[in-house]
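Down below is the structure, laid out as C-alpha cells.
Numbered from 1 within each chain, the chains take letters A, B, ... in sequence-line order. Not measured: the values here are computed from a predicted model.
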Amino acid sequence: MGRVGVLRGQYNPHEVESEIMKFWDSGRIYEIIKELESKRTKYFRFIDGPPYPSSGLPHVGTSWNKVLKDSILRYRRLRGYRVKDQPGYDCHGLPIEVAVEKRIGTRSKKDIEEKVGVDKFIELCKATVLENVKSMTYWFKSLGVFMDWDNPYLTLRDEYIEAGWWLIKKADEEGLLVNEKRVVYWCPRCSTTLAEYEVEYKELSDPSIYVKFRVVNSENEYLLIWTTTPWTLPANTFVMAHPDATYVKVKVGNEVLILAKDRLEAVMSEAGMSEYEVLSEFKGKELEGMKYEHPLREVVPVQEVLSKYHEVVLAPEFVTMTEGTGLVHAAPGHGFEDFIVAQRIEIGDIISPIDDEGRFTKEAGKYAGKYVKDANPDIIEDLRQAGALLHEGIIKHRYPICWRCKSPVVLRTREQWVLKITRMKKKLIEEVRKARWVPEWALNRIMNMLENLQDWVLSRQRYWGTPLPIWVCPNGHRLVIGSVDELLKYGGKKPKELHRPWIDEVVLKCPVCGKEMKRIPDVIDVWFDSGIAFYASEAHPGKIKNPEDVVADFITEGHDQTRGWFFSLLRAGVLGFGRVPYRTVLVHGFALDESGREMHKSLGNYIGTDEVLAKVGSDVFRFAVLQNTVWEDLRFSWKLLEEAKRDLSVAWNVFVFASTYMNLDGYDPTKHGIDQYLNHLRIEDRWLLSRLNTLIDEVTEAMEEYKVHDAVRALKRFIVEDVSHWYVRLIRPRVWVEENTPDKMAAYATLYHALKSWLIMAAPIIPFFTEKIYQEFIRPATPDAPPSIHMLEWPAPREELTDKELEQEMNAIREIAEVAAAARMKAKLKLRQPVKRVIIYTSNDNIVGIVRKHEELLRNLLNTREVLIKEPSEVKEVIQYKVEPKYSILGPKYRKLTKQIVDYVLKNQAEVAKDIITKGKHETKIGNTTIMLTPEELNIIPVQATGYAVQEASWGSLAIDTQLTEEEIADGLARDIIRRIQTMRKELNLPMNAYIEVTITPPEQHVKYIEKKLDYIANEVRAKEIRLTKQHPASIPREKILTKKWEINGEIYTITITEIHGT
RNA sequence: GGGCCCGUAGCUCAGCCAGGUGGAGCGCCCGGCUGAUAACCGGGAGGUCGCGGGUUCAAAUCCCGCCGGGCCCA
C-alpha cells in the first residue's frame, strides 16, 4: 500500500503534545472512539472518585490518580470494552464555604445570614466551584485523560441532590434515621458548632487536678481520677478503667487510693507524696461496677440524675497509661470517647449543662451563669472544701481552638440527625468482603474500620450542601421527602433550585395534622454526596430496574479513602441496594515529596501539576508515576521525571532508527510482514518475536491484575533493553546492506511487528507519544488503518512464534557477551580488535549447549575466530582456580555439616580444585565423618591463565586469547581506519549512498598490514578508489574534500577523502 | 494507644508470597563507539538487606519483639 513514514528529530514532549492535542480536538478522536464503543457489548463500569475542587489546580497526587484511571480505561477500550468514563466533582462542603468566606471577608454564620445573605453566599459557592471545575478539567485534559469531560457528574446538580434524598428517605423508612444527641466541637464565642477541619490546636495552660471519688460502702477508699477540665466534673457520669492493666490500692495517711500501678510513681511524685504504702494489686477488670459518690453532688442538681450511673466501666480503648491515673473521669456530654462508651453501656442521660455561649445552665446549680473556664477555680475550691482534691497543678498542652476567632473550643452535645448504621454492621462486613481488593491488605484496613463502626452523623449546621430533606410541623410530626414530586404531593412547590435558602422556603402540609411543615435547616455531610455517585451519577434511582446495573466494575483511590469514599459508597450501597456497589477496588498510594514527607504549600515542597506539565509534559509525568508500585507511596521528584524522559528518548530514537532505514528502503509492512519472511528469520529475529509474545502476556496480565506498574516496567525493559540495546545492535550490519535482501526484510518485518505491538500496549500509558509515532510512522504505510492509535485492537500473542527456550538462550548469550567485554577490558583489547579464540570454561551443560548452538552469533558478537568450550581440567594454561560450593546440593545432603564443609573448601581451594580436576573427587574428614566431594557439588572456576584474559561468570569463566597474529592486527587496524573514514564522511555531510576516493598515509611499519585489507576497507566505506602513500599529498582545496590526521594505537595516520560524482 | 503499608548501594526502587548466599536505573570513576549522534554502548567501585532474637544445614525472604517513616483511626 505504501512505505512507512519517517519519524524525525529529538523527542520533544511539548511539541508532540500540543500537536497531538490539536489533532485529537480537530479530528474529534474522543468522540469517534465513543461512537465505536457504543456498538460494543462488553461493558466496563467505572466510577470516578470525585476530586474536591477547592482550588483550580490539581495536586500531583490528584493528577497521578487521574492518569492511573486513564491508563486502565484506555486499556479496557483497546480490549474491546464499552467504558463508562464519566468524571465527577465533589462540589459541596465546608472547604468551599471557607474559601468563599476568605474571599468576601465574612467572619461568622451571622455575617453570612445577615450581611451577605444566604442566597448570595450560595451563588458565590457555586460560582467558585464551577470555576475550579473548569480549571481542573483543563489540567486533566492536558494530562491526556480521555474522559467524558463535557458531561461530568456534579454533586451540586438538582438531579443529584434529589437522588440523595431518595436514599435518606429509604433510610428513614427502615427506621435508621434518628435525631439524637451527639458530641460536637462548639465555639462559645461564635456560638456555632465546628467541623473537625475548623479546629486548630494551640499550646494552652490549664489546671491539672487529681480528684478523689469516694467508693460507696467504704470508709476511706477513693478512686483517683485526673482532669485538665475541672468544668466537666459537674457532668461526670462514670469512671473508665482498663481491664488488663494492673491497679493498686495505696495507703496515704489514713486514706486508701485506687489507681493504676504504672501511674503510681508519677502521680505520687507530682502530688509531692513520698509516704505511701501499696496494700494490694489487682487487674482493672476487678474494678468493674464499683460504685462511687460524686464530691459535688450537693451543689450540682444534675448529679441527682447522674448518680445512678456512678460506677467504674471498662473501656480498654480509651484508658492509657501514659498520663493521668489509669482511671478516667467520663462526662459523655463533653467528650467523644466518653460518649461512645456511654452509648455502649446505654446511658440514657447525656448531660452537658452549658448554653450556646459556654455558660453553665441552672442544671449546674451553684455555677449557673458562669463561663465554664471561669468556673474552674470555684470548682477546684469546692473540691478542696469537700476533701476531694488530692493535688492541683498547671499543665501546658495542645488544646483545640476555633480557627476563626482562636478562642478555646468546648465539647458539648447537640441534637443531630444520625444514620444508625451500626445496625447494619453485619451486612456491611458481609458485603465488603464480596469486593475484590487490590492489594489484598486493603480489605484488612476497611475491616478494621468496620469493626469499630460508629453511627453516621449526617447533619451539618451549614449552607453549601445537600439539604437534609426533613420537614417538621409544630406538633412534632416528621416528613422525609424523597423527590421533587413528593414536594408537590405534600403541598409544596418546586423551588428555584434545591439548595438553601430556596428549599427552606418550601412549606408543606403535615399529612398527619394538617399544620404547616418547615424544613429543618441542616445540610448533609459532604461524604454523603460522593458516596451515592455510583447511582446518582446516572439517574434517579426510581428508574433503576436492577441493582446490579449500578454496581461499579472498578474504582480506585488513595489509601486514605478507605475511611472516606470506599466506606461511604459501601454505606450507601448497602442502604440503598442491599449490596456493596463495587466489584474491584484498587488502592493507590500517596504522592509525597522526595524525602517522603507530605507535599504542602506551607512546607515549600509543593509541586503543582502546572509546573510539571510546563517542564516535562504529560507523557513523561505519566510514564514516571505509573511505574511506581500502585499501592505504595510515591516519592515525587524532578529526578524521577528526568529519568523517565531519558527512557522515552531511547524509545523515540528506536523509532527514529527504524523509520529512517525502513523508509529509505521503501519498506511496506502490508506486503512484507513476518509471515512472508518466516523462512528468513534469523535467530535474533525469532528471539525478538518470542520476547514480544512474552511481553504481550506480561503486560496483559499486569493490566488485568491492575498492576499498572508491572506493565509499564515490562514495556520499558522491552523497548530499552531488548530492542534498543540488543536487537538493534544485532541487526545493524543487516540493515546496512544495500539491496533489499530477504535477510534485511526479515529484520524489518520483525522490528516493525514488535514496534507496532509495543506502541499499542504503551498507548494507555503514554497516549501522546504513541499517537505521534503512529501518525508519522505507521499510518503512511496503512492509510486505511483507524485514524488514531487509540482505536486499535490490543495485540494478541502469536503462540507459534513463542520460544521460551530461545529467550533463555539469548539471556545466556547476552551474559557471555558481557563477560567477554569485561575480559577485553582487563586486556585493554577493544571490541574492534578481532582475537583468535575465546575459551569458555564451564561444566554447565546448558551453557555448553547454547554455545554450540549459537556459535556463529557468538563469534560475531565476541569478534573472535573461534569459541572453544573446555572443562576446567582440560587446559594447562590455567594457573589459578576458585572453588564455589553449590549450597543447594551440599545443603540438603550434609545438613548440619554443610557449614563446616564450606569453610573447609574455601580455605583449601587450590588443593580441592586440583583433586577434583585430576582425580574427579576430593576426600576429607570433618570431625570423624569422611566426606567425599564430587564435581557435582562444587564449581571449579579458572580465574587466571597465562596468555589469557579471564573473567568469571555465573556458570564458570571465560578467557580471551590475548596473543594477536599479524592477521588479527591487520583486521583490527582496518576496522580502526574504517571508523575514521566513516567519521570523515559524516563530517563532510555526504549522503549515505555517496561514493568516495581515499588516500591513506600510514606509519611505514604498518603498510604491510593495511595493504592486505584495502579491498575490505574500500567496500565498507564506499570508496571507488583507495591508495596508500608514503608522502601525503597536499590537499587540493575544493568542495567535499577533507584531510585529517588520526592517532591510532599511538601512531599517526593521515587520511584524505573526497566525493566522486557519477559512477 | 490501635489497624494497615514501607524500610535493600550515595539516590529511586526490583527481589520477599513458594528460603539456596543480593539486582536494575540514576549519580560517580574508567573505557569504548561515532551513518539513532546535543545520542549510544561497556566495565568498575559502592550494601552489617532498619535493629535484636527465633526457626532452618541455609534467612533480604518465614516467625516474634523493637526502632524509624507514611496513611487511617483513637
When you measure from the side chain of [X], which nucleotide among [options] comes out closest?
X: A:V656; options: B:C71, B:U37, B:A14; result: B:U37
X: A:E818; options: B:U37, B:G43, B:A74; result: B:G43
X: A:A822; options: B:A74, B:G2, B:G43; result: B:G43
X: A:F590; options: B:C71, B:A36, B:G43; result: B:C71
X: A:M825; options: B:G42, B:A39, B:A74; result: B:G42
X: A:N448; options: B:G32, B:G2, B:A39; result: B:G2
X: A:S888; options: B:G2, B:G20, B:A74; result: B:G20
X: A:E643; options: B:C26, B:A14, B:G70; result: B:C26

Between [N] and [M], how many Å separate the two [atom1] atoms, rounded to a whole number?
N: B:C62; M: B:C26; atom1: P; answer: 30 Å
N: B:G22; M: B:G46; atom1: P; answer: 15 Å
N: B:C16; M: B:G50; atom1: P; answer: 15 Å
N: B:C64; M: B:G2; atom1: P; answer: 16 Å
N: B:G70; M: B:G23; atom1: P; answer: 32 Å
N: B:G69; M: B:G31; atom1: P; answer: 44 Å
N: B:G3; M: B:A45; atom1: P; answer: 45 Å
N: B:C5; M: B:G65; atom1: P; answer: 14 Å

How is [X] classified with respect to the nucleic acid when contacts are heavy atoms under 4.0 Å: base, sugar-phosphate, or nothing?
X: A:E642; value: nothing
X: A:Y661; value: sugar-phosphate
X: A:T983; value: sugar-phosphate
X: A:W736; value: sugar-phosphate
X: A:E451; value: nothing
X: A:Q10; value: sugar-phosphate
X: A:R563; value: sugar-phosphate
X: A:L990; value: base
X: A:V654; value: base
X: A:V720; value: nothing
X: A:S724; value: base
X: A:F336; value: nothing
X: A:Q982; value: base

Answer with yes or no whether the side chains of [Y] and [X] bring together a donor and an acceptor at under 3.5 Å.
X: A:E557; Y: A:N65; value: yes
X: A:R713; Y: A:T629; value: yes
X: A:K716; Y: A:Q627; value: yes

Grab the [atom1]-[atom2] distance between [X] and [N] for me, whole Å please.
X: A:E815; N: B:G43; atom1: CD; atom2: P; value: 11 Å
X: A:I340; N: B:A74; atom1: CD1; atom2: P; value: 7 Å
X: A:K828; N: B:G32; atom1: NZ; atom2: P; value: 10 Å
X: A:N444; N: B:C5; atom1: CG; atom2: P; value: 7 Å
X: A:D633; N: B:G7; atom1: CG; atom2: P; value: 11 Å

[X] side-chain N/O to [N] phosphate OP1/OP2 under 4.0 Å:
X: A:R732; N: B:A36; answer: yes
X: A:R635; N: B:U12; answer: yes
X: A:R646; N: B:G25; answer: no

Just say parallel, tilted or perpendicular for the rings of A:Y11 and A:W652, cut-offs at 30° and 60°.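 Ring orientation, 0 to 90° scale: tilted.
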Does A:R445 contact B:C71 through a side-chain donor or acceptor facing the base, at a distance under 3.5 Å?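 Yes, the side chain and the base share a sub-3.5 Å donor-acceptor pair.
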Dot-bracket encoding of pairs in RNA chain B, which uses [ ] for pseudoknotted crossings and | for another strand, Watson-Crick or G-U under 3.5 angstrom: ((((((((.[[[[.)....(..]]]].(((((.......))))).....[[[[[..)....]]]]]))))))).
A:V902 or A:G9: which one's nearest nucleotide on RNA chain B is closer to the 5' end?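 Nearest nucleotide further toward 5': that of A:V902.
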More 5' along RNA chain B: A:D710 or A:H559, using each one's nearest nucleotide?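 Its nearest nucleotide lies further toward 5', so the answer is A:D710.
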Under the side chain to side chain contact (heavy atoms under 4.5 Å, CB included) test against A:V432, which residue among A:F566, A:W437, A:F567 passes?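 Considering A:F566, A:W437, A:F567, a side chain to side chain contact (heavy atoms under 4.5 Å, CB included) with A:V432 is found only for A:W437.
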Residue that, paired with A:W758, satisfies side chain to side chain contact (heavy atoms under 4.5 Å, CB included) out of A:V723, A:D722, A:I773, A:I719: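 When A:V723, A:D722, A:I773, A:I719 are each tested with A:W758, the side chain to side chain contact (heavy atoms under 4.5 Å, CB included) holds only for A:I719.
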Are the aromatic rings of A:Y887 and A:Y894 close, with centres under 6.0 Å apart?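 No: the rings miss the under 6.0 Å criterion.
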Are A:F336 and A:Y185, when compared by the centres of their aromatic rings, separated by less than 6.0 Å?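 Judged by ring-centre distance (under 6.0 Å), A:F336 and A:Y185 do meet the cut-off.
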Salt-bridge contact [X]-[Y] (side-chain N to carboxylate O under 4.0 Å):
X: A:K882; Y: A:E884; result: yes
X: A:R436; Y: A:E705; result: yes
X: A:K772; Y: A:E776; result: yes
X: A:E684; Y: A:R734; result: yes

Reading 5' to 3' through nucleotides 55-66 of chain B, protein heavy-atom contacts under 4.0 Å coded B for base, S for sugar-phosphate only, - for none: --B---------
May I ask you to test the A:H588-A:H559 pair for a side-chain heavy-atom distance under 4.5 Å?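 SC-SC contact between A:H588 and A:H559 ruled out.
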